[in-house]
Each structure stands twice: as C-alpha cells, then as structure tokens.
Amino acid sequence: MPINKCSNESLSNHVDTSDEWISKRSGIKNRHFVADNETTSDMAFFAACKAIKNAQIPKNNIDLIVLATTTPDNTFPSTATLVQKKLEISAVSFDVQAVCAGFIFALSIAKSMMSDGNYKNCLVIGADSMSKLLDWKDRSTSVLFGDGAGAVILQRYENKDGKFDDWGILSNVIHSDGQFYDLLKTNGGVSISQKTGFIQMEGKEVFKHAVEKLSSSIEEALSASNKKINELDCLVPHQANQRIILAVADRLKIDVSKVVSTVKDHGNTSAASIPLALENAISSNKIFNGNLIGLNAIGGGLSWGASIIRIGKPNIL
Ligand SMILES: CC(C)(COP(=O)(O)OP(=O)(O)OC[C@H]1O[C@@H](n2cnc3c(N)ncnc32)[C@H](O)[C@@H]1OP(=O)(O)O)[C@@H](O)C(=O)NCCC(=O)NCCS
C-alpha cells in the first residue's frame with residue numbers, strides 16, 4: 001500500500017463528511033493514496049517483488065503475468081508489460097479489466113491458461129489507483145475508495161499419484177451483466193471523452209446486487225468444487241463495505257470469525273482488495289498452508305465471481 005495514509009478525519013477537512021458517517025455506513029477508517037510521482041505499476045511492482053520473495057522462486061521462472069487494473073499507467077500498453085520490464089524478466093503479460101472483480105477474473109484466466117499446459121509460474125496482480133478516478137465534490141463515492149496493490153504466484157504441478165488432489169484452485173466462477181452498466185461507471189473514457197472521467201455510483205442499488213451476487217457466487221463455486229460452506233476455513237471477500245461483508249456472512253451462514261475484513265484500513269482498493277486482504281490474513285495467522293478458502297468480488301459491469309482454493313502446497317513437497 002502507498003505510504004500516504006488518509007484518515008476519515010483528514011478527509012473531512014476537504015470533503016463535506018465526517019468520521020461518524022463514513023464509519024457507520026461503510027466501516028472504513030483509513031485509506032492510502034499514491035503520491036504525485038507514484039503510479040499503479042509502482043505499487044504492482046512492489047507487490048510482485050513481495051509475492052516472488054514469499055514464494056521463494058527465482059523471478060526468471062515466471063512465464064505469465066496477469067494484472068487486474070482499471071487504472072493503468074497509460075491507456076496502452078498494458079501495465080502488466082511495464083511490471084514485466086521492471087522485473088527484468090521475459091513473460092507473457094497482459095491486463096484484465098473487470099474493475100473490483102478484476103482479481104477473480106485474473107485468477108480464472110490464469111488458471112485456464114496454465115491448465116492448457118503452456119505456463120508453469122504465473123504472477124497474478126491486482127493493482128489500482130482509484131484516487132485518480134475520484135470526484136472530490138461527490139462525497140457519496142470519494143470517501144469509499146483507496147489505492148493499493150497485492151499479488152500472488154500460481155504454480156502448475158503434474159498431479160502424479162494424486163499428490164495434488166484437492167489442492168490449488170478447485171473452482172472459479174465469473175459472471176457479468178451489462179444491463180447494470182450504468183450502476184457503477186466513470187462519466188468519461190477514451191472513446192467517449194478522451195478523459196478518464198470520475199466514478200459515479202448508484203450506491204443503494206450496488207449494495208443490493210453486491211450482497212446477492214457475492215453470496216450466490218460463493219455458493220456456486222462451493223457447489224462446483226463439491227464443498228460446503230462449513231468446510232471453508234476462511235472467506236476473503238471483496239473489501240468494499242463492512243455492512244456488505246456482514247450481510248454476505250449472514251446470508252451464507254458462515255461464522256464472522258472466519259471472514260477476513262480489512263476494509264477499515266484501506267477502503268475499497270478495487271482489484272487490489274482481495275490480494276491485500278489475503279496477505280493480511282496470512283501474515284496475521286488467520287490463514288495457514290492447506291486451508292480451504294473462498295474469495296469473492298463484485299464490481300462495475302456489473303462483473304462478479306468467486307473462487308474456492310486449497311491454499312499453499314502439500315507438506316510432502
Ligand atoms: C454508498 C453508501 C455507503 C451510501 O449509504 P446509504 O445508506 O445508501 O446512504 P444514502 O446514499 O442513502 O445517503 C444518505 C444520506 O447521507 C448523505 N451522504 C452521502 N455521502 C455522505 C458522506 N460521505 N458524508 C456525509 N453524508 C453523506 C446523503 O447526502 C444522504 O443525505 P440525505 O438523506 O440528506 O439526502 C452505500 O449505498 C453503499 O455502501 N453502497 C455500495 C457501495 C459499494 O460498495 N460500491 C462498490 C462495490 S464494488
């Protein structure tokens with residue numbers, strides 16, 4: 001996450017809002033913003049280096065980079081190719097745009113490409129500088145978002161002798177429905193206005209869709225992997241709003257102690273939200289090697305999805 005931290009109190013110095021309103025409606029207390037000379041690729045590169053270090057693999061083993069972002073450094077080329085350049089490696093690299101659901105879409109694409117047998121080590125990154133899309137005159141959206149990046153490494157193994165039965169990404173489901181295009185979008189874009197525009201959102205409608213679709217996608221992903229909700233060790237939901245997180249937990253009938261919530265510390269960081277929450281859960285000993293975890297996210301489009309993953313590697317390796 002960028003160093004620049006902004007509390008609700010400091011935000012209320014230039015937006016007509018209060019810590020009380022933001023905390024009560026969203027659970028957010030702080031967010032981080034990129035510095036003037038800091039970009040999405042800088043955060044993505046930092047997250048990538050950390051993921052490579054934690055995975056203990058040589059960076060040159062990475063042969064695929066899939067980066068989810070809505071806020072690329074340049075309109076083109078992809079930010080993924082810039083991260084590849086900064087890493088000084090050669091790897092097929094491209095961006096995925098599914099807004100806040102981007103990380104789930106990136107995982108799904110990466111898994112499909114790896115399953116074809118062509119790639120062995122994939123770096124999946126979620127990175128966004130949402131502050132660049134905020135309209136500071138719109139208090140209903142500007143208080144909800146922050147900047148950040150997170151990354152994971154996926155590795156492909158031959159499942160000889162069933163060593164990897166029930167390991168890795170067990171299921172992925174992704175959905176999109178353009179009939180809800182206008183609920184959450186920017187009011188500009190390359191082909192509309194040659195400007196990026198600002199975020200506009202119908203908050204109440206998005207809230208209802210979020211609770212319903214985040215819940216249904218986890219149920220669908222559980223069913224696709226023949227798992228039950230009570231088998232999950234942990235649920236890492238999209239970090240947009242604490243009220244959404246709690247409503248989803250309630251619907252799914254999962255104990256809130258199993259649900260990771262970091263939204264208070266970084267607000268909605270879009271594609272970075274899940275990998276940031278995942279990193280927090282691992283480093284604070286909430287998720288261990290071999291745990292069964294669920295991920296879910298929703299964003300503009302609307303686009304949404306979920307994954308069920310047995311995380312880590314069998315100890316026999
Ligand atoms: C945005 C959200 C927090 C707003 O909460 P809400 O309870 O629906 O609030 P409303 O929009 O009805 O606004 C209620 C009042 O608060 C005011 N308000 C809005 N933003 C405010 C702010 N930042 N500070 C103070 N007051 C604010 C409104 O003007 C309104 O005032 P009024 O009643 O006098 O008209 C909520 O709809 C939400 O979380 N939606 C989902 C957002 C999301 O997570 N999107 C990303 C998904 S990827």
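Just the heavy atoms: all of them, side chains too, but no hydrogens, waters or symmetry mates, feed the values below.
- Among residues two or more places apart in sequence or in another chain, the ring-ring contact (aromatic ring centres under 6.0 Å, His included) test is passed with His175 by Trp304.
- Apart from Val34 itself, the hydrophobic cluster it occupies contains Met43, where clustering links Ile, Leu, Val, Met, Phe, Trp and Tyr at side-chain heavy-atom distances under 4.5 Å.
- Listed by first and then second residue, the side chain to side chain donor-acceptor pair (under 3.5 Å) pairs that reach into residues 203-212 are Glu205-Lys208, His209-Lys213, sequence neighbours excluded.
- Here Ser193 pairs with Lys195 under the side-chain contact (heavy atoms from CB on, under 4.5 Å) rule; sequence neighbours left out.
- Under a 4.5 Å side-chain heavy-atom cut-off, the cluster of Ile, Leu, Val, Met, Phe, Trp and Tyr residues that includes Ile3 has no other member.
- Shown here are the ring-ring contact (aromatic ring centres under 6.0 Å, His included) partners of Tyr119, two or more places apart in sequence or in another chain: there are none.
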Give the table of side-chain donor-acceptor pairs shorter than 3.5 Å for residues 290-300, with sequence neighbours excluded, one pair per line with atom names and distance.
residue, atom, partner, partner atom, Å
Asn291, OD1, Phe288, N, 2.9
Asn296, ND2, Leu214, O, 3.1

Using residues 245-256 as the side-chain source, report each donor-acceptor pair under 3.5 Å to any protein atom, sequence neighbours left out, with the distance given to one decimal.
residue, atom, partner, partner atom, Å
Asp255, OD1, Ser257, N, 2.9
Asp255, OD1, Ser257, OG, 2.9

Table please: side-chain donor-acceptor pairs of residues 108-117 below 3.5 Å, with sequence neighbours left out.
residue, atom, partner, partner atom, Å
Lys111, NZ, Ile169, O, 3.2
Ser112, OG, Ser108, O, 3.1
Ser115, OG, Lys111, O, 2.7

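- Sorted by first and then second residue, the pairs that involve residues 271-293 and meet salt bridge (charged side-chain N to carboxylate O under 4.0 Å, His left out), not counting sequence neighbours, are Lys50-Glu279.
- Under the salt bridge (charged side-chain N to carboxylate O under 4.0 Å, His left out) criterion, the residue pairs touching residues 9-18 are Asp16-Arg139, with sequence neighbours excluded.
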Per-pair distances, 0.1 Å, donor-acceptor, side chain in residues 120-136, under 3.5 Å, sequence neighbours excluded:
residue, atom, partner, partner atom, Å
Lys120, NZ, Arg156, O, 2.8
Asn121, OD1, Gln155, NE2, 2.8
Asn121, ND2, Asn61, O, 3.3
Asp128, OD1, Thr69, OG1, 3.1
Asp128, OD1, Thr70, N, 2.8
Asp128, OD1, Thr71, N, 3.1
Asp128, OD1, Thr71, OG1, 2.6
Asp128, OD2, Ser270, OG, 3.1
Asp128, OD2, Ala271, N, 3.1
Ser129, OG, Thr40, OG1, 2.7
Ser131, OG, Asp147, OD1, 3.3
Ser131, OG, Asp147, OD2, 2.7
Asp135, OD1, Lys137, N, 2.9

